[in-house]
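So the structure is just underneath, and the comments pick up after that.
Labels below follow one simple rule: chain letters A, B, ... track the order of the sequence lines, proteins then strands, and each chain is numbered from 1. Computed from heavy atoms alone, side chains included, the values below leave out hydrogens, waters and symmetry copies.
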2 protein chains.
Amino acid sequence: MDFSIGELARRTKVKVPTIRYYEQIGLLLPPPRTEGQQRRYDKNAIARLAFIKHARELGFDIEAIRALLSLQDNPDQSCSVADRIAKARLAEVEERIVSLNALRAELRRMVEECASGRVAECRVIETLADSSHGHGRLAET
Amino acid sequence: MDFSIGELARRTKVKVPTIRYYEQIGLLLPPPRTEGQQRRYDKNAIARLAFIKHARELGFDIEAIRALLSLQDNPDQSCSVADRIAKARLAEVEERIVSLNALRAELRRMVEECASGRVAECRVIETLADSSHGHGRLAET
DNA sequence: CTTGAACCTCTAGTCACTATAGAGAATACG
DNA sequence: CGTATTCTCTATAGTGACTAGAGGTTCAAG
């Protein structure tokens with residue numbers, strides 16, 4: 001019925017050091033320990049960790065997840081906070097897609113125009129050296 | 001003809017500490033100093049820093065930029081290395097766009113289905129808690 | 001009982017900066 | 001020339017979300 005951190009890692013596909021890290025920053029409660037101080041988990045831990053994992057995959061940051069978890073723990077509250085967090089994340093993602101599309105366009109142009117000759121006439125290098133590019137923060141990746 | 005680090009920062013829109021950082025990691029050569037040990041730059045520094053800035057905006061990492069700069073410094077080499085670096089970056093960006101599109105779809109579904117009632121029946125929280133989601137690393141943002 | 005995989009804590013490293021502190025240098029104005 | 005303001009200097013630490021490593025302990029199988 002209860003199992004080790006390695007088993008939890010296997011079942012959730014979250015790495016062992018990451019689980020310990022989540023405990024350290026307070027996303028996971030410290031579980032009971034064996035006499036030898038090894039952590040023992042139950043299926044509630046799987047559910048909570050799966051929640052965290054899924055939220056991370058969707059790009060929510062730790063603070064957002066902390067808020068979402070506390071909502072999950074208090075199901076009588078209004079869900080407007082959850083809604084707001086999700087909408088904010090959606091807006092970020094949409095903005096990001098726009099700038100990555102611009103990025104892709106410029107990279108494609110660069111690559112297509114490269115004649116694979118000498119650097120002296122390379123469009124890749126030339127494009128980078130060209131200072132007439134006004135875009136703000138395109139990348140951040 | 002020569003100017004301070006603050007002036008270079010203003011002209012390239014790269015922050016002063018970032019310029020010093022680039023010097024520290026060897027992307028920019030240490031410039032001459034005044035008697036009082038303040039850095040003095042010329043227009044070559046503007047060009048090089050603009051190159052770096054543009055490459056960063058396109059999401060090239062420091063190591064890639066180091067390679068691109070060394071190509072720029074030796075224009076007789078083949079440009080196939082530059083081509084390869086740019087293509088690799090393009091591939092990264094395209095992969096990223098694909099996963100962000102999947103992300104956007106899931107977030108939209110979440111947000112649309114949220115009836116803004118109690119958390120107990122909130123689709124946002126429910127979706128996150130649902131462990132039947134097999135996508136690998138979607139986000140990383 | 002012995003082996004060896006899995007576990008423990010703690011510290012430091014990743015990336016590309018950004019922030020802060022405390023001190024000295026340069027410039028504008030009166 | 002004095003002084004006030006702004007700029008610059010170095011050095012160190014912090015960011016987010018982990019990941020890697022050292023060095024030691026515990027557990028379960030055989």
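Judged by the 6.0 Å and 45° rule, Arg66(A) forms no cation-pi pair with Phe60(A).
If you check residues 30-46 of chain A against DNA chain C, the residues with a heavy atom closer than 4.0 Å are Arg33(A), Gln37(A), Gln38(A), Arg39(A), listed by number. Within residues 9-17 of chain B, no residue has any heavy atom closer than 4.0 Å to DNA chain D.
Summarising the geometry, the separation between OH on Tyr22(A) and P on dA17(D) is reported as 9 Å, rounded to the nearest angstrom. Rounded to a whole Å, the CD1 atom of Ile25(A) is 8 Å from the P atom of dA17(D). In this structure, Ile65(A) atom CD1 and dG16(D) atom C1' are separated by 12 Å, rounded to whole Å. Separating the CG atom of Leu27(A) from the C1' atom of dC18(D) is a distance of 12 Å, rounded to the nearest angstrom. Counting to the nearest Å, the P atom of dC18(D) and the CD1 atom of Ile52(A) are 10 Å from each other. We find that CG of Leu28(A) is positioned 15 Å from P of dA17(D), with the value rounded to whole Å.
Considering only residues two or more places apart in sequence or on other chains, Arg109(A) meets the salt bridge (charged side-chain N to carboxylate O under 4.0 Å, His left out) condition with none of them. In terms of the salt bridge (charged side-chain N to carboxylate O under 4.0 Å, His left out) criterion, Glu35(B) has no residue partners (sequence neighbours excluded).
The structure places CG of Asn101(A) at 13.5 Å from CD of Glu106(A), a figure rounded to the nearest 0.5 Å. Here the CD-SG distance, from Glu126(A) to Cys79(B), works out to 10.0 Å after rounding to the nearest 0.5 Å.
Extent of DNA chain C lying under 4.0 Å from chain B heavy atoms, first and last nucleotide in 5' to 3' order, is dA16(C) to dA26(C).
Residues Asp61(B) and Ile65(B) form no side-chain contact, since every pair of their non-hydrogen atoms from C-beta on lies 4.5 Å or further apart. With contacts defined as side-chain heavy-atom distances shorter than 4.5 Å, the pair Arg89(B)/Met110(A) does not qualify.
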Tell me which donor-acceptor pairs under 3.5 Å the side chains of residues 39-48 of chain A have, and how far apart each pair is, sequence neighbours excluded?
from: Arg39(A); atom 1: NE; to: Glu23(A); atom 2: OE1; distance (Å): 2.7
from: Arg40(A); atom 1: NH2; to: Gln38(A); atom 2: OE1; distance (Å): 3.3
from: Asp42(A); atom 1: OD1; to: Asn44(A); atom 2: N; distance (Å): 3.1
from: Asp42(A); atom 1: OD1; to: Ala45(A); atom 2: N; distance (Å): 3.3
from: Arg48(A); atom 1: NE; to: Leu27(A); atom 2: O; distance (Å): 3.1
from: Arg48(A); atom 1: NH1; to: Asp73(A); atom 2: OD1; distance (Å): 3.2
from: Arg48(A); atom 1: NH1; to: Asp73(A); atom 2: OD2; distance (Å): 3.4

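Linking ILVMFWY side-chain heavy atoms closer than 4.5 Å, directly or via other members, places Leu29(B) and Ile52(B) in two distinct hydrophobic clusters. Residues Val98(A) and Leu58(B) do not share a hydrophobic cluster, clusters being chains of Ile/Leu/Val/Met/Phe/Trp/Tyr side chains in contact below 4.5 Å.
Listed pair Thr18(A) / dT19(D) meets the phosphate criterion, a side-chain N or O lying under 4.0 Å from OP1 or OP2. Regarding contacts with the backbone of dG16(D), every side-chain N or O of Tyr21(A) stays at 4.0 angstrom or more from both OP1 and OP2.
A salt bridge does not link Glu92(A) with Arg96(A): none of the charged nitrogens is closer than 4.0 Å to a carboxylate oxygen.
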